[in-house]
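In this text, all values refer to a predicted model and were calculated from it rather than measured experimentally. Indexing begins at 1, ligand by ligand and atom by atom, following the structure's order.
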Amino acid sequence: MIAEVATSDKIVVEKSTVPCGTADNLREVFSSLARPGLRFDILSNPEFLAEGTAVNDLLAPDRILIGSLGDARALEAAEALADIYAAWVPRERVITINLWSSELAKLAANCMLAQRISSINSLSALCEATGADVDELAHAVGQDRRIGTRMLKASAGFGGSCFKKDVLSLVYIAESHHLPEVASYWKRIVDINEYQKDRFAKRITRCLYNSLTNKKITVLGFAYKKDTGDTRESAAITIIGHLIAERARVAIYDPKVEEHQIVRDLQQVHKPEAVAERVSVCEDSYSACADACAVVILTEWDEFKTDHLPEKAPRPRHLMETPLASTSHAMSDDSLSDHSKMETGSSSGEENDAVLNGLASTLSTSDTAESMSQLTVSGKHRLDWARVASAMRRPRLLFDGRNIVQPDKLAALGFRVHCIGKMKQHFEL
Ligand SMILES: NC(=O)c1ccc[n+]([C@@H]2O[C@H](COP(=O)([O-])OP(=O)(O)OC[C@H]3O[C@@H](n4cnc5c(N)ncnc54)[C@H](O)[C@@H]3O)[C@@H](O)[C@H]2O)c1
Ligand SMILES: O=c1ccn([C@@H]2O[C@H](COP(=O)(O)OP(=O)(O)O[C@H]3O[C@H](CO)[C@@H](O)[C@H](O)[C@H]3O)[C@@H](O)[C@H]2O)c(=O)[nH]1
C-alpha cells in the first residue's frame, strides 16, 4: 500500500514483532511495487511495552532499539527516528544496531522472559514435591544480581498475545534454518507452560476427591494478567476448559472482562452447549462465590489480595477451650480429610463452621474488626474475604493460581488454601 501511493522517498518503520528477515521481504515488495527512483529505508523499531503498564513503558523505556541496514543513508534514517525519541528518552537508551539483530532481539527478549516464567514454574512443581517454597526460592535466587527478581513469579501459566506466539515464532525460525536442537530447546518453554496449567487444573480435581461433577467452583479473574481486559491466551481459558470437561459448574468474575468475551473464549475450547450449561459470569465476587466449594484465583487483580487482613485473626474465645489436637492429624491429607467432612458434616467440619461464625462475632466487637472491615488499601478496593468464606460451602478450598494471597490469613477465616509451588496446605482448625 505504501509502495503504491508513495510519491517521494520514505522511511518505513517496523513496530510489530516480526520474524527475523521480514525487512528483507519488505524491501523486495517495495522494489517491485514502488515507482522507479524512490528510495525506501526500512528500520526495525520493535515495541517493548506491556499491557497494563503501557504508558509508563512508553514514557520510561529500558531501551529503544533501532535496526537499520547500516549504510550511510540507512544510518541517516535511523538518526531521524532517534531524534523523535530524543524528545523524552535519554540518548544513551537509544540503541542503533543492525536490522536483523533488532528483529531477532525483540523475539529473543520475549522468549527469555517467557523462559524465566517457565523456569520458575517448573521449579514450582519441584517445590511442591520437596517442601520448598517457590516464593522463597525466587527471592533467594533473585538476590543474585546476575539473575534478578523480576519475571520470577510462579503462576498457573503465562498468557497474553505475545509470549506463546513469539516463542513459537523463534521455534519456526530455528527449524527453517535447520537447527532442530535450538527449536526443541525453545519449544519446551511452551510445553512447560501447558504442563503448568494442566497440573494446576488436576490439583483442583484431586483436592475435590477426583470428581467435580456439579460442584460449584468460582474463578476469580479471567484476564491474562491484572490491569487489562485482554484475554488472549489467558491461562483461565485452558484451566476453566478442564473444569468444564470435568462437569463442574463454574462461576466467573473478572472486573474488566465482559461476559460475551468470556463466553466467546470458552467456546474456543468447548461446545457452546457445554459453556451455556456449565458457566455463569457474575457481576461481583460475592455472588460468584455464593455456595461454591472452591475458589480459584487466576488473575492477580489487587482487589483479591489480603493485605487488608490482620496478620493473625483472633480465634473465637469459646473455641480456645476446645481440644483441637485430636482432629489435626486427620487434616493432613489434602483430599481424604476434606472428603469425610464434606460428605458427612463430621464434628471437625462443624468446628470449622463454628470457628468462622465465632470469628464473625468476635470481629464485630474487637479492635481487629476495624482493620478487617477496612476494605481499601491506599484507596483501592479489597475483597471482604470473611464474607466470601461465610457464603461458601465446605471445604472452602482456595486455589491461588497467582500466589497473591497470604495463606495463613485466609486459613484463619476457615479457608483451606493451596498455592503454587508450596507443599503445605494452609488451614486452621
Ligand atoms: N499488545 C501488546 O502489548 C504488544 C506489545 C509489544 C508489541 N506488540 C506487537 O504489536 C503487534 C500488534 O499487537 P496487538 O496486540 O495490537 O495485536 P492485535 O491483534 O490487536 O492487532 C493486530 C492488527 O493487525 C491486523 N493484521 C493482522 N494480520 C494482518 C495482515 N497480514 N495484514 C494486515 N493487517 C493484519 C489485525 O487485523 C489487527 O488489526 C504484534 O506484532 C505484537 O506482537 C504488542
Ligand atoms: O513473573 C511473572 C511475570 C508474568 N507472568 C505472566 O506472564 C504473562 C505476560 O506478562 P507480561 O510480560 O507482564 O505482559 P505482556 O503484556 O504479555 O508483555 C510481554 O509481551 C509484550 C509483547 O511483545 C512485550 O512488549 C513485553 O515487554 C512483555 O513483557 C502474564 O500472563 C503474566 O501473568 C508470570 O506468570 N510471572
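- Remark: R232 engages D230 in a salt bridge, criterion side-chain N to carboxylate O under 4.0 Å.
- Under a 4.0 Å N-O distance rule, the pair E76/R73 does not qualify as a salt bridge.
- Looking from atom 9 (C) of ligand 1 to the surrounding protein, the closest heavy atom is T17 OG1, 3.7 Å.
- Annotation: atom 3 (O) of ligand 1 to nearest protein heavy atom, E51 CG, 3.5 Å.
- Nearest protein neighbour of atom 12 (O) of ligand 2, counting heavy atoms only, is F163 CZ, 3.3 Å.
- Nearest protein neighbour of atom 20 (O) of ligand 1, counting heavy atoms only, is R232 NH1, 3.6 Å.
- S16 OG, 3.7 Å is the protein heavy atom nearest to atom 11 (C) of ligand 1.
- Residue contact check: K165 has heavy atoms under 4.0 Å from atoms 42 (C), 43 (O) of ligand 1.
- Of the protein's non-hydrogen atoms, the one nearest atom 16 (O) of ligand 2 is Y224 OH, 2.6 Å.
- Protein heavy atom at the shortest distance from atom 4 (C) of ligand 2 is I117 CD1, 3.5 Å.
- The side chain of K106, and not its backbone, has at least one atom closer than 4.0 Å to an atom of ligand 2 (non-hydrogen atoms only; side chain from C-beta on).
- Looking at L113, N403, T299 and measuring to atom 29 (O) of ligand 2, the nearest heavy atom belongs to L113.
- Screening R382, K409, Q406 for a side chain to side chain contact (heavy atoms under 4.5 Å, CB included) with L309, the sole residue that qualifies is K409.
- Remark: side-chain polar atoms of T22 are paired, donor with acceptor, to backbone N or O of P19 under 3.5 angstrom.
- At under 3.5 Å, a nitrogen or oxygen of G159, whether backbone or side chain, sits near a nitrogen or oxygen of ligand 2.
- Proximity of a side-chain donor or acceptor of S102 to a complementary backbone N or O of I66 within less than 3.5 Å is not detected.
- Closer than 4.0 Å to atom 18 (P) of ligand 1 lies at least one heavy atom of the protein.
- Ring geometry for F399 versus H418: interplanar angle under 30°, hence parallel rather than tilted (30 to 60°).
- Here T228 has no heavy atoms under 4.0 Å from ligand 2, in either its backbone or its side chain.
- Below 30°, between 30° and 60°, or above 60°: for F40 and F30 the angle between ring planes is below 30°, a parallel geometry.
- Distance from atom 6 (C) of ligand 1 to its nearest protein heavy atom, with residue and atom name: E47 O, 3.3 Å.
- In terms of protein heavy-atom proximity, atom 18 (O) of ligand 2 is closest to A50 CB, 3.5 Å.
- Under a 4.0 Å criterion applied to the non-hydrogen atoms of E47, ligand 2 contributes the atoms 25 (O).
- Distance alone, capped at 3.5 Å, places no donor-acceptor pair between the D133 side chain and the C127 backbone.
- Put simply, atom 15 (O) of ligand 1 has protein non-hydrogen atoms near it, under 4.0 Å away.
- Judged by distance alone, the side chains of N214 and R278 do bring a donor and an acceptor atom under 3.5 Å apart.
- Judged by the shortest distance from any of its heavy atoms, E233 lies outside the 4.0 Å radius around the atoms of ligand 2.
- For R264 and Q261, the side-chain atoms include at least one donor-acceptor pair closer than 3.5 Å.
- For atom 5 (C) of ligand 1, the closest non-hydrogen atom on the protein side is L49 O, 3.2 Å.
- Look at K15 and you'll find every heavy atom at least 4.0 Å from all atoms of ligand 1.
- Applying the 4.0 Å criterion to heavy atoms of L49 picks out, from ligand 2, the atoms 21 (C), 24 (C), 25 (O), 26 (C).
- Inside a 4.0 Å radius of atom 41 (O) of ligand 1 there is at least one protein heavy atom.
- Atom 22 (C) of ligand 2 has as its closest protein heavy atom C162 SG, 2.5 Å.
- Put simply, atom 1 (N) of ligand 1 has protein non-hydrogen atoms near it, under 4.0 Å away.
- For the residue pair S44 / E103, no side-chain donor-acceptor distance below 3.5 Å is found, with atom types taken as modelled.
- With a heavy-atom cut-off of 4.0 Å, S155 touches ligand 2 through its side chain alone.
- For atom 25 (C) of ligand 1, no protein heavy-atom neighbour is present inside the 4.0 Å cut-off.
- Ligand-side atoms of ligand 2 in range of L152: 1 (O), range being under 4.0 angstrom from any heavy atom.
- A donor and an acceptor atom, one from each side chain of N98 and S101, are located under 3.5 Å apart.
- With ligand atoms numbered from 1 in the order given, ligand 2 contributes 20 (O), 22 (C), 23 (O), 24 (C), 28 (C) to contacts under 4.0 Å with heavy atoms of N110.
- Between E128 and R199 there is a salt bridge, with a side-chain nitrogen of the basic residue lying less than 4.0 Å from a carboxylate oxygen of the acidic one.
- Between F48 and ligand 2, at least one N/O pair is under 3.5 Å apart.
- Within the 4.0 Å heavy-atom criterion, neither part of E14 lies near ligand 1.
- By the 4.5 Å heavy-atom criterion applied to side chains, S285 and F304 are counted as neighbours.
- Side-chain contact between M392 and F415: present, with at least one pair of heavy atoms (C-beta onward) separated by less than 4.5 Å.
- Put simply, atom 28 (N) of ligand 1 has no protein non-hydrogen atoms near it, under 4.0 Å away.
- Using a 4.0 angstrom heavy-atom cutoff, R402 counts as in contact with ligand 2.
- A donor-acceptor pair shorter than 3.5 Å cannot be found between the side chains of T213 and K215.
- Listed for the Y253 side chain is no donor-acceptor partner under 3.5 Å among the backbone atoms of S287.
- Within the 3.5 Å criterion, the main-chain N or O of G67 finds no donor-acceptor partner in the side chain of W100.
- Looking only at heavy atoms of the protein, atom 11 (P) of ligand 2 is closest to K225 NZ, 3.6 Å.
- The pair R206-E246 fails the salt-bridge criterion, with no side-chain N (NZ, NE, NH1 or NH2) lying under 4.0 Å from an Asp/Glu carboxylate O.
- In terms of protein heavy-atom proximity, atom 44 (C) of ligand 1 is closest to C162 SG, 4.0 Å.
- The closest protein non-hydrogen atom to atom 3 (C) of ligand 2 is M151 SD, 3.5 Å.
- For atom 36 (N) of ligand 2, the closest non-hydrogen atom on the protein side is K153 O, 2.8 Å.
- Looking only at distances, a side-chain donor or acceptor of E14 sits under 3.5 Å from a matching main-chain atom of A23.
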